[in-house]
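Every chain is numbered from 1, with letters handed out A, B, ... down the list of sequences. Bear in mind that the values here come from a model prediction, so they are computed numbers and not experimental data.
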Number of protein chains: 2
Amino acid sequence: MNLKTLARKLQLSQTTVSRALNGYPEVSEATRRRVEEAAREHNYRPNSRAKGLATGRAMVIGHVIPASTQHEMLNPVFGDFVAGASRAYATYGYDMMFTRVDDGDEEQIYHALAAKGSVDGVILQGPRVNDVRIPLLNRIGLPFIVHGRSSGIEENYCWVDVNNKRSFQRATEFLIDLGHKRIALINGLEDMDFAHRRREGYVEALKTAGIEPDPTLMRSAEMTEVYGHHETRAMLKMEEPPTAILAASMISAIGVRRAIDEAGLTLARDVSVITHDDDLSYLRNGSDVPIFTATRSSVQQAGEILSRMLIEKIEQPDAPNRNHMLEAELVVGRSTGPAPETRR
Amino acid sequence: MNLKTLARKLQLSQTTVSRALNGYPEVSEATRRRVEEAAREHNYRPNSRAKGLATGRAMVIGHVIPASTQHEMLNPVFGDFVAGASRAYATYGYDMMFTRVDDGDEEQIYHALAAKGSVDGVILQGPRVNDVRIPLLNRIGLPFIVHGRSSGIEENYCWVDVNNKRSFQRATEFLIDLGHKRIALINGLEDMDFAHRRREGYVEALKTAGIEPDPTLMRSAEMTEVYGHHETRAMLKMEEPPTAILAASMISAIGVRRAIDEAGLTLARDVSVITHDDDLSYLRNGSDVPIFTATRSSVQQAGEILSRMLIEKIEQPDAPNRNHMLEAELVVGRSTGPAPETRR
DNA sequence: GGCGCTTTCCAAAGCGCTTTGGATTTCCCT
DNA sequence: AGGGAAATCCAAAGCGCTTTGGAAAGCGCC
């Protein structure tokens with residue numbers, strides 16, 4: 001069923017039917033009702049490609065997912081983020097499209113998306129330090145918004161980010177206040193901007209407290225469970241092992257915990273752990289009492305805010321770029337306690 | 001840059017340029033090269049909506065994601081599945097589109113997708129027992145493939161599934177062979193087909209061994225960490241607690257493990273655990289030695305097979321429906337041991 | 001009754017591509 | 001040289017929608 005046959009069936013012109021369905025005022029309420037009725041009955045929906053061609057709008061938001069460095073899609077954070085984003089899309093009538101990109105082809109892909117006109121805007125996930133995609137997108141002129149920021153990029157762009165530096169600074173201070181001096185950081189990949197900032201916060205808190213940051217206590221990699229386990233096990237075997245560990249995600253914290261258990265140590269008593277908690281639905285930080293002391297910020301909520309802002313940007317291209325900083329809250333759970341030395 | 005201006009620039013007709021770019025033989029190699037060169041130089045890409053309108057193909061695969069019962073998207077499995085699928089899409093030139101659907105609107109959504117023509121086919125994720133979406137899609141005539149199967153649906157359809165029944169049957173037998181008699185099942189939601197089948201396998205193994213299934217040892221809910229923890233804690237407080245637990249996913253198994261630790265018991269020695277392992281990239285079951293004994297089947301691989309089969313179906317609509325059964329392998333890790341009674 | 005205004009509708013152009021049906025040129029062979 | 005096949009190109013229609021620029025009808029008003 002297409003417009004033409006529907007119009008013929010109704011003995012009306014395509015124009016009138018189209019206008020009736022799109023809420024234009026030039027059509028009487030009576031015919032509008034008649035048209036809507038018929039549309040429902042015949043299960044008519046305007047062909048999205050034709051509509052897009054005519055309007056120049058795709059009503060689709062693009063997500064470009066790096067493939068070989070597998071961060072984004074495989075990271076459990078991805079699902080929650082997308083769930084949040086989809087909530088906003090659904091209310092505004094947008095669909096979301098994912099395009100996989102192999103490393104190095106990024107410039108290509110963005111050019112292609114813009115030229116093909118298959119999306120009205122894109123969400124830039126997982127920004128790195130000095131991320132070239134930002135100037136690229138500005139140059140191309142495709143509306144975009146960044147989930148996170150990019151240190152080193154001076155250009156003006158739209159972003160939503162968690163205050164990663166502050167939250168890890170606070171977490172570190174919290175441990176210092178508990179008497180810890182050997183505090184390890186099991187960070188994400190530090191070319192990722194969020195990890196870069198977290199490290200800054202961690203280092204700054206240490207320095208402020210007069211503790212010299214120890215490079216052997218700072219690790220960086222993709223935030224898997226196995227990674228958390230591996231690094232913790234290694235560090236616990238050190239001559240002066242850490243008494244506290246900052247982990248980058250719930251998943252890696254689970255690995256940290258496994259290593260602590262295996263070493264015959266007790267969480268909180270022997271080794272304190274603080275993790276960042278993205279508040280993932282499938283991996284809640286406990287039910288009533290949090291398992292881990294954590295810096296918490298819902299990535300699902302971030303997704304929703306982000307996509308809403310992008311849609312606003314698409315619909316009002318000339319509005320100035322907006323930003324939104326989310327503060328992570330520090331929730332105290334069962335994984336932290338006074339430093340062992342302090343106790344004696 | 002569009003076809004028209006590109007053609008004008010080349011002093012050629014649109015027809016010739018289009019044919020040159022789409023590999024038709026009616027154009028000389030010389031002009032083809034000239035055209036390709038110019039297209040590259042001007043960064044020309046055919047507008048996907050216009051192309052779609054003309055060809056009747058969207059080159060997009062749809063994923064419909066249930067929203068309120070949040071299983072699919074939030075489940076960490078989602079990311080890995082999509083990553084696998086995207087690999088196939090990328091090689092065949094398809095994009096993937098996600099549409100969020102609130103409960104009850106499913107019929108609507110599929111009708112809309114088909115009528116709007118915004119996708120060439122859909123992947124049906126998370127089939128339930130007696131899933132009405134299958135007859136619906138058959139009726140609508142939109143190409144689709146099911147990730148899993150649906151018990152109770154007799155219609156002919158295309159699917160890829162893990163042999164869930166067999167794998168849980170084997171896992172249960174494995175525990176029985178170790179002397180366990182009180183074996184608990186912490187299952188997923190049992191209106192989901194995969195969970196339904198796992199339970200069948202579990203029950204059948206028990207009965208075959210002459211063990212009467214105990215309803216108090218069978219739990220069912222969404223497979224979160226907190227759920228695994230909660231049910232395990234409850235069961236360990238029973239008069240006759242289980243000596244072995246079958247968990248439905250790595251995430252819930254982590255919760256199971258946490259409850260065992262908290263109860264002061266030791267994994268494998270006091271309580272054995274087997275889990276299903278979807279081989280998620282961020283949640284590998286250990287590095288060299290598996291953490292958990294598990295039935296393992298890569299969901300990423302499933303995604304790839306599934307999307308490839310769907311594309312084949314789209315490109316050859318008249319080919320008969322194909323199916324693909326994946327066998328989960330049983331990997332023995334450090335979470336299982338002989339039943340406590342047996343040891344004395 | 002004729003004028004202007006609003007209401008209601010329509011024919012046709014245009015979005016950017018593919019594809020049909022032909023036209024033109026080149027080439028080879030007898 | 002002439003005829004047919006092969007190679008190369010093109011004009012125009014069509015995909016299904018929106019939107020422009022009017023036209024027709026209905027209305028009150030002087």
Side-chain angles (χ1 to χ4, degrees), chain A residues 1-36 38-39 42-60 93 95 111-120 315, chain B residues 1-36 38-39 42-60 93 95 111-120 315:
Chain A
M1 176 60 57
N2 57 16
L3 231 209
K4 197 154 132 195
T5 66
L6 182 67
R8 206 160 36 214
K9 208 156 256 170
L10 282 163
Q11 309 256 52
L12 288 171
S13 76
Q14 295 192 36
T15 312
T16 306
V17 176
S18 169
R19 290 200 155 143
L21 293 174
N22 289 311
Y24 280 72
E26 297 96 329
V27 46
S28 74
E29 268 316 305
T31 48
R32 187 191 305 281
R33 262 197 298 278
R34 203 160 67 90
V35 169
E36 279 172 348
H42 294 95
N43 220 313
Y44 168 78
R45 257 105 176 175
N47 180 293
S48 58
R49 291 190 297 275
K51 185 164 186 164
L53 232 206
T55 58
R57 293 273 305 271
M59 297 307 284
V60 174
D95 283 312
H111 267 124
L113 279 181
K116 292 197 302 180
S118 37
V119 301
D120 296 319
E315 302 192 339
Chain B
M1 175 60 56
N2 58 15
L3 232 209
K4 197 153 131 193
T5 67
L6 182 67
R8 206 160 36 213
K9 208 157 256 169
L10 281 162
Q11 310 255 52
L12 288 171
S13 76
Q14 295 193 36
T15 311
T16 305
V17 176
S18 168
R19 289 199 155 144
L21 293 174
N22 289 311
Y24 282 71
E26 297 96 328
V27 45
S28 74
E29 268 317 305
T31 48
R32 188 191 304 282
R33 261 197 299 278
R34 203 160 67 90
V35 170
E36 280 172 347
H42 295 93
N43 221 313
Y44 168 77
R45 257 102 176 179
N47 179 293
S48 58
R49 290 190 298 275
K51 185 164 186 164
L53 232 205
T55 58
R57 293 273 306 272
M59 297 306 284
V60 175
D95 283 311
H111 266 125
L113 279 180
K116 292 197 302 181
S118 37
V119 301
D120 298 318
E315 302 192 338

With a 4.5 Å cut-off on side-chain heavy atoms, are B:Leu21 and B:Glu36 touching? yes
Could you walk me through whether A:Lys116 and B:Lys51 pass the side-chain contact (heavy atoms from CB on, under 4.5 Å) test, one step at a time? CA-CA 9 Å; A:Lys116 292 197 302 180; B:Lys51 185 164 186 164; over 6 Å; no
Heavy atoms of B:Ala38 and B:Leu10 approach each other most closely as CB-CD2, 3.8 Å
Can you check whether A:Val60 reaches B:Arg49 side chain to side chain, under 4.5 Å on heavy atoms? no
Rounded interatomic separation in angstrom, taking CG from A:Leu10 and P from C:dT8: 17 Å
With the sugar-phosphate defined as primed atoms, P, OP1 and OP2, and the base as all remaining atoms, what B/S/- string results for nucleotides 14-19 of chain D, 5' to 3', for protein heavy atoms under 4.0 Å? BBBBBB
Taking side chain as C-beta onward, heavy atoms only, is A:Arg57 less than 4.5 Å from A:Glu315? yes
Atom-to-atom span, CD of B:Glu26 to C1' of C:dA23 - whole angstrom: 15 Å
Take the protein atom CZ of B:Arg32 and the nucleotide atom P of D:dA7, then report the distance between them rounded to whole Å. 13 Å
Which is true for B:Glu29 with a 4.0 Å heavy-atom rule: it touches a base, it touches only sugar-phosphate, or it touches nothing? nothing
Within the structure provided, determine whether A:Met1 and A:Lys9 are in side-chain contact (heavy-atom separation under 4.5 Å). yes
